[in-house]
Amino acid sequence: MKPTLATEEQLLRRIARGDRDAFDELYRRTAPYLAMRLRRRCADEGLVTEVLQDTFLSVWRTAGSFGPVRGAGGAGWLWTIAARRLVDALRAQQRVREVPTDELPVRSAPPAEDEALAGAVGDELGAALAALAPDLREVLRAMVLDGLTVRETAVLLGVPEGTVKTRARRAKIVLRGALS
């Protein structure tokens, strides 16, 4: 009989009791996924590494407070911590220096999350999402997929909060028009 693997939720409960083996297993399973998602939002590999380390330090310290995030389970809880740590790190960087927009990396291919979302929501909505301007899609991804607040989205994207609100509203209007 093949042994069953512990779920992330079970590992988190064991970590809350101080189980280092469970922590090692959770890290081995989830760190590559979290690093990939963080790299999609930040090109600074050093910052991604720092955020990943901070995330797992927080997991070790707060595993006892784990509660499923809107049905996403352990992986969703971990991503929520990582995304918020990234926002905090970016906010700290902004206090130190202002990044010129001409130095920001340009994506050559659409993010996998956009493709997955477009495929998961159906042809009509997927086409409407694909037709959105990239700045509108970025706001939707941060606020809807990642569950960030307006303030966190503003920091993550490096734009004022009012711009985030405007883009979110424009995206909703465009989507509503495309689907009616």
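The shown structure was predicted, so the numbers you read here are calculated from the model rather than taken from an experiment. Residues: numbered from 1 along the sequence shown.
From L34, atom CG reaches atom CG of L78 across 5.5 Å, with rounding to the nearest 0.5 Å. Atom CD of E152 is separated from atom CG of L157 by 11.5 Å, given to the nearest 0.5 angstrom. If you take CZ on R141 and CG on L156, they are separated by 9.5 Å, rounding to the nearest 0.5 Å. Interatomic distance, E50 CD to E45 CD, rounded to the nearest 0.5 Å: 12.0 Å.
The pair K165-E161 does not count as a salt bridge, with every side-chain nitrogen at least 4.0 angstrom from each carboxylate oxygen. In summary, D54 and R85 do not engage in a salt bridge, as defined by a charged side-chain N under 4.0 Å from a carboxylate O.
Side-chain contact between T153 and E138 is absent, with no heavy atoms from C-beta onward closer than 4.5 Å. Side-chain contact check for L11 versus R29: some heavy-atom pair is nearer than 4.5 Å. Considering only heavy atoms from C-beta on, R91 comes within 4.5 Å of R151 through its side chain. Annotation: side chain of L90 is in contact with side chain of L47 (closest heavy-atom distance under 4.5 Å). W79 places none of its side-chain heavy atoms less than 4.5 Å from the side chain of T30. Inter-residue side-chain proximity for Y27 and V59 is flagged as unmet; no heavy-atom pair is nearer than 4.5 Å. Using a 4.5 Å cut-off on side-chain heavy atoms (C-beta onward), D135 and R170 make contact. With a 4.5 Å cut-off on side-chain heavy atoms, V164 and R167 do not count as touching.
Listed by chain and number, the residues in a side chain to side chain donor-acceptor pair (under 3.5 Å) with R176 amount to none (sequence neighbours excluded). Checked against side chain to side chain donor-acceptor pair (under 3.5 Å), Q53 has no partners two or more places apart in sequence or in another chain. Taking R14 as the reference, D19 meet the salt bridge (Lys or Arg N to Asp or Glu O under 4.0 Å) condition, with sequence neighbours excluded.
Hydrophobic clustering places M36 together with L86 (ILVMFWY residues linked when any side-chain heavy atoms are closer than 4.5 Å, directly or through intermediates). Hydrophobic clustering, with ILVMFWY side chains joined whenever heavy atoms are under 4.5 angstrom apart, groups V51 together with Y33. Linking ILVMFWY residues whenever their side-chain heavy atoms come closer than 4.5 Å, directly or via other members, leaves I81 and L57 in distinct clusters. In this structure, V139 is not a member of the same hydrophobic cluster as I173, with clusters built from ILVMFWY side-chain heavy atoms closer than 4.5 Å.
Closest non-hydrogen pair, A82 versus L38, comes out as O-CD2, 3.9 Å. Minimum interatomic distance between A63 and L12 (heavy atoms only, all atoms of both residues): CB-O, 3.6 Å. Closest approach of A35 and L52 over heavy atoms only: CB-CD2, 4.0 Å.
T80 contributes a side-chain N or O that, together with a main-chain N or O of G76, makes up a donor-acceptor pair within less than 3.5 Å.
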So R20 and W60, side chain to side chain contact (heavy atoms under 4.5 Å, CB included) or not? Walk me through it. CA-CA 9 Å; R20 290 181 186 263; W60 178 255; 3.8 Å; yes
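Summarising the local packing, CZ of F23 is surrounded by more than 12 heavy atoms from other residues, nucleotides or ligands at distances under 6.0 Å.
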